[in-house]
Protein chains: 2
Amino acid sequence: MQNHQDKPLINAGGEQGILQAAEALFAEKGFDAVSMSAIAKLANTSKPNIYHHFKNKNELYFAIMEAAVQRATDLLDALEDSPGTIRQRLADFSAGQLENILLHDRSTQLIMREAFSGTSERGRDIAKQMVSKVFSRLVAMVQQGQSKGEFRADIDPSLAAFMIVSTNMFYFQSKPVMEDNPEITFSGDASTFNRIVTDIIFNGLITQGNSAP
Amino acid sequence: MQNHQDKPLINAGGEQGILQAAEALFAEKGFDAVSMSAIAKLANTSKPNIYHHFKNKNELYFAIMEAAVQRATDLLDALEDSPGTIRQRLADFSAGQLENILLHDRSTQLIMREAFSGTSERGRDIAKQMVSKVFSRLVAMVQQGQSKGEFRADIDPSLAAFMIVSTNMFYFQSKPVMEDNPEITFSGDASTFNRIVTDIIFNGLITQGNSAP
DNA sequence: TTGTGTACTGACCGAACGGTCGGTTAGTAT
DNA sequence: ATACTAACCGACCGTTCGGTCAGTACACAA
C-alpha cells in the first residue's frame, strides 16, 4: 500500500490522533480532570499506546502546551503591522489578535488556564511566552505613538498596552459567563467590540469639550 | 475546662477550621487537585469528621463558593456611591472594587477559577452572581453619566462597564504572570494603576487637539 | 446512673487513577 | 524465509481517591 498523505488528517490515527484528542479534552476540562483512559478512548486507541508515544501524562500535556504556544506566537508573527497612523496600526493589531484567540479557542483556553490557574512552574513559563509576545508588540506601538506626538506622553505605555490585552483576553474568557447576561449587548460580535474598545481607549468616554469640569 | 472563645479563631477547630482549610487549598490548587485527606490534615482533624459536617466533597466546595460570593457581594453593597461627578463616582467604585478583590484574594481566586475554567453548571451560576452585580452597578453609572451629558452618548454603556471590569479582574489574575515581566512597571501599586486606567477611559490616549487627524 | 445527641476517629471499601507487563500484528530490509 | 522494529493491545499492578462503618469521648439532661 502506498503512502497516502492525501487523506484528510481529521481523526487521524497514531500520534496525531492522540494529540488532537488530548488537546480537546485538556482544553475543556483541565489537566487533572482528564484521564489517560479518556484520551485513549477519544483517540480510538489504547492506553499503552499513548505511553508508547509519550513518556507520561505530563510530557503529553506539555507537548500540547508547547504546540499551542508555538501556533499562537506564529499567528502573532504573521500579524504584520498595518499601514497608517499608529492608532490605526494599534487598532488593527488588537483586532487581529482577538480574531486569532477566538479562532483557536482550544489552544487559547489551554494557555490561559495554565497561565492563570496553573500550579506547575513549567506550565506558567510556557504560557508566559505568548503573553509577553503580545505585550511587547503593543508597548512598542504605544511608545511609537507617544514619540510621534500622536499619544499623550504622560501615560505609562505598558499600562495602555495592558488595557488592550485585558479587554481582549477577558472578552474571550468571560464569554460563557457574559453571553446570557441581559445587560450585555455587544457579545458575539468581536469586530465591533474591538472597534468601540479602541475608540474609548483613544478618544475617551468623556464628551468632547467637557474634559475639565 | 471553660469555653474559651477569647482565643483567636485562627486555625479554629471544628466546622470553621475545616472551612478555612478547604478554602485555602481549593483557592490555591482547584477542586480536583485537593483531596479530602489533605483538607483533614490541614484542618487538624480526620477525614470522617469532615463527612460528619458536610455531605460530600461537592457540598463542601459549594459551601465555600457560596460564602465567598456572599462576602464579595456584601463588600460590593457596602461600597456606597461617593459624591461628586459621575466620573468621580465611577473611578471610586472601580478603585474600591479592585481593593476588595485584592484584599480577599483567596475568595476571588476561587470565584474566578470557577467562573472561567469551571466545568460544573452550578459553580458557574454561583460565580455569575458576583460578576453581574459589579456589572449592573457600573452600567447604571455609565448610563447616568450619559443622560447627564457627562459621557458620550454614542458608546454602548455595557461595553464601557465591561472595560472597567476587565482591567480590574485581569489585573488581579494576571499579577503572578506579569510581575516578573520587565516591561511592566505599574504592577504592585493598585491605586495608581486604577487612577491611570480611569484616566485613559475618561480622557483617552490621544493627545488633546489631535483626535481627528 | 442512665440515656441521648454531637463531635470525632482508625480501619476499611470499591473504584479509578497513572503506569507497566508480556505479547501480537504488520510492514520492511536483508 | 528471517530478523528487526514501530505500533499497538488486554490484563494487570500499586496507589490514591471519595466515601463508609463501627465505635469512642464527652457534654448535658432526666
Side-chain angles (χ1 to χ4, degrees), chain A residues 1-7 9-65 114 118-120 122-123, chain B residues 1-7 9 11-65 110 114 118-120 122-123:
Chain A
M1 197 187 281
Q2 76 274 19
N3 198 1
H4 47 60
Q5 283 208 332
D6 42 348
K7 248 206 244 173
L9 283 189
I10 302 174
N11 207 358
E15 203 168 302
Q16 279 305 312
I18 294 170
L19 281 168
Q20 285 179 24
E23 187 193 21
L25 290 176
F26 280 139
E28 190 194 337
K29 313 187 184 198
F31 183 82
D32 287 323
V34 173
S35 72
M36 296 299 270
S37 314
I39 297 171
K41 195 172 173 184
L42 185 63
N44 253 319
T45 182
S46 68
K47 203 167 56 160
N49 193 34
I50 300 182
Y51 283 92
H52 172 69
H53 289 282
F54 302 93
K55 199 175 140 204
N56 52 34
K57 194 183 180 183
N58 271 308
E59 290 302 314
L60 173 59
Y61 183 68
F62 287 128
I64 291 164
M65 278 279 298
E114 198 59 38
T119 52
S120 89
R122 186 170 164 196
Chain B
M1 197 187 280
Q2 74 274 18
N3 199 0
H4 44 62
Q5 283 209 331
D6 40 350
K7 251 207 242 173
L9 281 191
N11 206 358
E15 202 167 303
Q16 280 306 311
I18 295 170
L19 281 169
Q20 286 179 25
E23 188 193 21
L25 290 176
F26 280 140
E28 191 195 336
K29 314 186 183 199
F31 183 82
D32 287 323
V34 173
S35 72
M36 296 299 269
S37 314
I39 298 172
K41 195 173 175 183
L42 185 62
N44 252 320
T45 183
S46 68
K47 202 168 59 162
N49 191 35
I50 300 182
Y51 283 91
H52 173 69
H53 290 283
F54 302 93
K55 199 175 139 203
N56 52 35
K57 193 184 179 183
N58 272 308
E59 290 302 314
L60 172 60
Y61 184 68
F62 287 129
I64 291 164
M65 278 280 299
L110 209 52
E114 197 60 36
T119 50
S120 87
R122 187 171 165 196

Supply the atom-to-atom distance [X] [atom1] to [Y] [atom2], rounded to the nearest 0.5 angstrom.
{"X": "A:F62", "Y": "A:S120", "atom1": "CZ", "atom2": "OG", "result": "4.0 Å"}
{"X": "A:Q20", "Y": "A:L42", "atom1": "CD", "atom2": "CG", "result": "9.5 Å"}
{"X": "B:L25", "Y": "B:L110", "atom1": "CG", "atom2": "CG", "result": "11.0 Å"}

- Query: Which of residues 50-61 of chain B have a heavy atom under 4.0 Å from DNA chain D?
  - Reply: B:Y51, B:N56, B:K57
- Item | A:N58 and A:R122, any side-chain heavy atoms less than 4.5 Å apart | no
- Item | Side-chain touch B:F26/B:K57, heavy atoms, less than 4.5 angstrom | yes
- Report yes or no: does B:N49 contribute a side-chain atom to a donor-acceptor pair with the main-chain N or O of B:H52 at less than 3.5 Å? no
Enumerate the protein-to-nucleotides 9-13 of chain D contacts in which both atoms are nitrogen or oxygen and the separation is below 3.5 Å.
residue : atom : partner : partner atom : Å
D:dC9   : OP2  : A:T45   : OG1          : 2.5
D:dC9   : OP2  : A:S46   : N            : 2.7
D:dC9   : OP2  : A:S46   : OG           : 3.0

- So, for B:A43 and B:I18, which heavy atoms are closest and what is the spacing to 0.1 Å? CB-CA, 3.9 Å
- Message: As a quick check of understanding, evaluate side chain to side chain contact (heavy atoms under 4.5 Å, CB included) for B:E114 and B:Y61, giving each step before the final call.
- Response: CA-CA 11 Å; B:E114 197 60 36; B:Y61 184 68; 2.5 Å; yes
- Whole-Å gap separating C1' (C:dA16) and NZ (A:K41): 14 Å
- For the pair made of CE in B:M36 and C1' in D:dT20, what is the distance, rounded to whole Å? 12 Å
